[in-house]
Amino acid sequence: MSVTCIFGMQWGDEGKGRMVDLLAAASDVVVRYQGGANAGHTVIVGEEKYVLHMLPSGVIQPDTVNVIANGVVIDPWVLMQEVDELTERDIDLRGRLWISDRAHVVMPYHRRMDEAMEKLRGKAAIGTTSRGIGPTYGDKAMREGIRTADLLRPDRFVDRLRANMLARNEILERAGLEPMDIDADVETTRQIAERIKPFVTDTTTLLLDAWEQGKRILLEGAQGFALDVDHGSYPFVTSSSTGPSGVPAGTGLPPKAIDRVLGVVKAYTTRVGAGPFPTRDEGDAGRQLAEQGHEFGATTGRPRDCGWFDAVVARRAARTQGVDRLAIMKLDVLSGLPELKIGVAYELDGQRLEAPPAHAADWLACRPVYETWPGWQEDLTGVRRFEDLPQAARDYVARLQEIVGIPIGMISVGAERGQFIETTDGVPVPA
Ligand code: IMP
C-alpha cells in the first residue's frame, strides 16, 4: 500500500494530525492537498508540543519529504513563521519542504474580506476561522487569484494586486471597516515572495514521480467531511473538498493512485462555528466531554461544542469517500460518563432520515434518534490491547464499527504517541 489518504469524517478536529504523525514515520512523503491556515494540527512528541497550521504533520519526522500541493491555499506569512519556529527548535526543512507553484496565495486582503463578509452576514455568519480561506478559494474560482507562480514574478502580479485591493477596499467601506494600505501590502508581499522562493516547485511532477517510483505517500486531509463544500452542512462549511475526493484535483495525482483510505472520527462529536449539529449536548455530558477532551480550537482558541457520536454523518463520509479503515480517537475521554448515546439516524417532520438533508434549515431542524449504551468508569489511558478494555467500552466501539460499516484499525486512548490500541482488521462484533 503505497498511497494512503487520511481525512476527518466529522466537523474537523478529529485528531488527524496525530494519526498522520504516527504514520509519517512509515512514509516517504506527506502531502497537504486542501484547506489552508484554518487547520490546526497538534502533534505531541515526548515533552514537545507542535501546533501546525500550514505545514504538513510530517515535518516533525526528520526523513520525511513534505508537500503543500496545489489544492491548498497558502498563507505565506503563517508558513514562514512556522518554518522559523521549527528552525529555532532545530528542525531543518530545507530540501524537504516543497510548495506547489500552482497553489493560490492567501493575501492580507483575503483575511480582511473574510472578516468583512462575516460582518455583513450578520446573524447568518458562518463562524469562519478568519484565515481568508473562503475569499481565496472564491478568487480562484473567479479566476482572479494570485498563485505562488505569480509571487515569483513581481513584475507581473503587482498590477493585479493593486486592482484587487482597490475593489476590496470598497467592500470594506460598506462593512464599516478600515480600508487597506495598498502600497504597504504590495511591499510586504514582495518581501515574503523572496522568502518562500526556495520552497516553490512543480509539486505535481514531484508527486507523480514519487508515486511511479512506489514511494510511500501520505495524503493529509484538513477539516472534516461535514465541512466539505459539496457534501457538508452547506453553507456552514469550509471552501474545499476535504476528503479523498479532493485529492486528484488538489495534487495532480490520478484518482486511482489512492490505495488506502483511513477515516478518522472522535468517539464523540465536536464542532466550532455555526450550523447544524443535531447530536450536540448542552447539558452535563457535553460539559464533561469539553473538559476531559480539552475541546478548544487549535487555530482560534474557541471552545468547541460537544455532543454524541453522529453515525449519520460518519456513514455518509464512509460511503462517499470509500473508507477502508476507521481510526477512533479519544475513547478515553468517555470514561466516567454514566451512559453513552449514539445518534443512529435523524428525525425530521416525523420521518426517519438515514442521510443528512440537503438544506441547512432542515439539517438544523433534525432531531437525533439515539441508542443508549452503558458507560464505564475505568481510566483507559494505559490500555494497549482491545481485550483489556472494559466490556462496556468494547461493546460501544463494536457498535460504532457496525453502524458505520467499516472495520476499525486503530483506537486512541490518550494524547501521547504510544497511547493507542491497534486493531488492524476491525474489532470483534458480538453476535
Ligand atoms: P473557514 O474554513 O475558515 O472558512 O471556516 C468555515 C467553517 O469551517 C467554520 O465553521 C469553521 O469553524 C470550520 N473550520 C475550518 N477549519 C477548521 C478546522 O480545522 N477544524 C474545525 N473546524 C474548522
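Note that ligands are numbered from 1 as they come in the structure, with each ligand's atoms numbered from 1 the same way. Starting from 1, each residue takes its place in the sequence as its number. Values below: all heavy atoms of this structure, side chains included; hydrogens, waters and symmetry mates excluded.
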A.B. asks: Is the closest heavy-atom distance from W11 to ligand 1 below 4.0 Å?
C.D. replies: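 For ligand 1, residue contact (heavy atoms, under 4.0 Å) with W11 is present.
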
A.B. asks: Less than 4.0 Å between a side-chain N and a carboxylate O, is that true for K341 and E371?
C.D. replies: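 No salt bridge links E371 with K341.
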
A.B. asks: Does E144 come within less than 4.0 Å of R168, counting only side-chain N to carboxylate O?
C.D. replies: yes

A.B. asks: Around atom 14 (N) of ligand 1, find the nearest protein heavy atom and jot down its residue, atom name and distance.
C.D. replies: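 Sorting protein heavy atoms by distance from atom 14 (N) of ligand 1 puts L227 CD1, 3.8 Å first.
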
A.B. asks: Atom 19 (O) of ligand 1: which protein heavy atom is closest, and how many Å away?
C.D. replies: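 Of every protein heavy atom, N38 O, 3.3 Å lies nearest to atom 19 (O) of ligand 1.
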
A.B. asks: Is there at least one pair of N or O atoms, one from G12 and one from ligand 1, spaced under 3.5 Å apart?
C.D. replies: no

A.B. asks: Counting non-hydrogen protein atoms only, what is the nearest one to atom 10 (O) of ligand 1? Give residue, atom name and distance.
C.D. replies: V272 O, 3.3 Å

A.B. asks: Is the backbone N or O of C366 less than 3.5 Å from a side-chain atom of E347, with the two atoms forming a donor-acceptor pair by type?
C.D. replies: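 No; judged by distance alone, with no hydrogens or angles, the pair does not exist.
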
A.B. asks: Using the side-chain contact (heavy atoms from CB on, under 4.5 Å) definition, which of the options L334, D284, T270, D281 pairs with L289?
C.D. replies: L334

A.B. asks: Return the residue, atom name and 0.1 Å-rounded distance of the protein heavy atom closest to atom 17 (C) of ligand 1.
C.D. replies: Q223 CG, 3.5 Å

A.B. asks: Write out the residue and atom name of the closest protein heavy atom to atom 11 (C) of ligand 1, then the distance separating them to 0.1 Å.
C.D. replies: G127 O, 3.6 Å

A.B. asks: Examine R147 relative to F157 and say whether NZ or CZ is less than 6.0 Å from the centre of the six-membered ring and inside a 45° cone about the ring axis.
C.D. replies: no

A.B. asks: Can you report which non-hydrogen protein atom sits closest to atom 21 (C) of ligand 1, along with the distance?
C.D. replies: D13 OD2, 3.1 Å

A.B. asks: Please assess F199 against L79 for the test side-chain contact (heavy atoms from CB on, under 4.5 Å), listing each intermediate value before the final yes or no.
C.D. replies: CA-CA 11 Å; F199 299 104; L79 178 79; 5.6 Å; no

A.B. asks: For atom 2 (O) of ligand 1, state which one of T238, I126, T270, T128 supplies the nearest heavy atom.
C.D. replies: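 Among T238, I126, T270, T128, the closest heavy atom to atom 2 (O) of ligand 1 comes from T238.
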
A.B. asks: Please report which non-hydrogen protein atom sits nearest to atom 3 (O) of ligand 1, along with the residue it belongs to and the distance in Å to one decimal place.
C.D. replies: T129 OG1, 2.6 Å

A.B. asks: Closest non-hydrogen protein atom to atom 6 (C) of ligand 1, residue and atom name please, with distance?
C.D. replies: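 Residue, atom and distance for the closest contact: V237 O, 3.3 Å.
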
A.B. asks: Touching ligand 1 at all, R304? Heavy atoms, strictly under 4.0 Å?
C.D. replies: no

A.B. asks: State plainly whether the residues D324 and R260 are in salt-bridge range, i.e. N to O under 4.0 Å.
C.D. replies: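 Salt bridge between D324 and R260, a charged N being under 4.0 Å from a carboxylate O: no.
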
A.B. asks: Would you say the ring centers of H104 and Y137 fall short of 6.0 Å from each other?
C.D. replies: no

A.B. asks: I want to know if ligand 1 touches R302 in the polar sense, i.e. an N/O pair below 3.5 angstrom.
C.D. replies: yes

A.B. asks: For A39, take its heavy atoms, then give the atoms of ligand 1 lying under 4.0 Å from any of them.
C.D. replies: 19 (O)

A.B. asks: F225 vs H231 aromatic rings, parallel, tilted or perpendicular, using cut-offs 30° and 60°?
C.D. replies: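 F225 and H231: parallel rings.
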
A.B. asks: Using heavy atoms and a threshold below 4.0 Å, how should the contact between Q10 and ligand 1 be classified: side chain, backbone, both, or neither?
C.D. replies: neither

A.B. asks: I need the single residue from R287, R271, R280 that forms a salt bridge (Lys or Arg N to Asp or Glu O under 4.0 Å) with D305. Which is it?
C.D. replies: R280

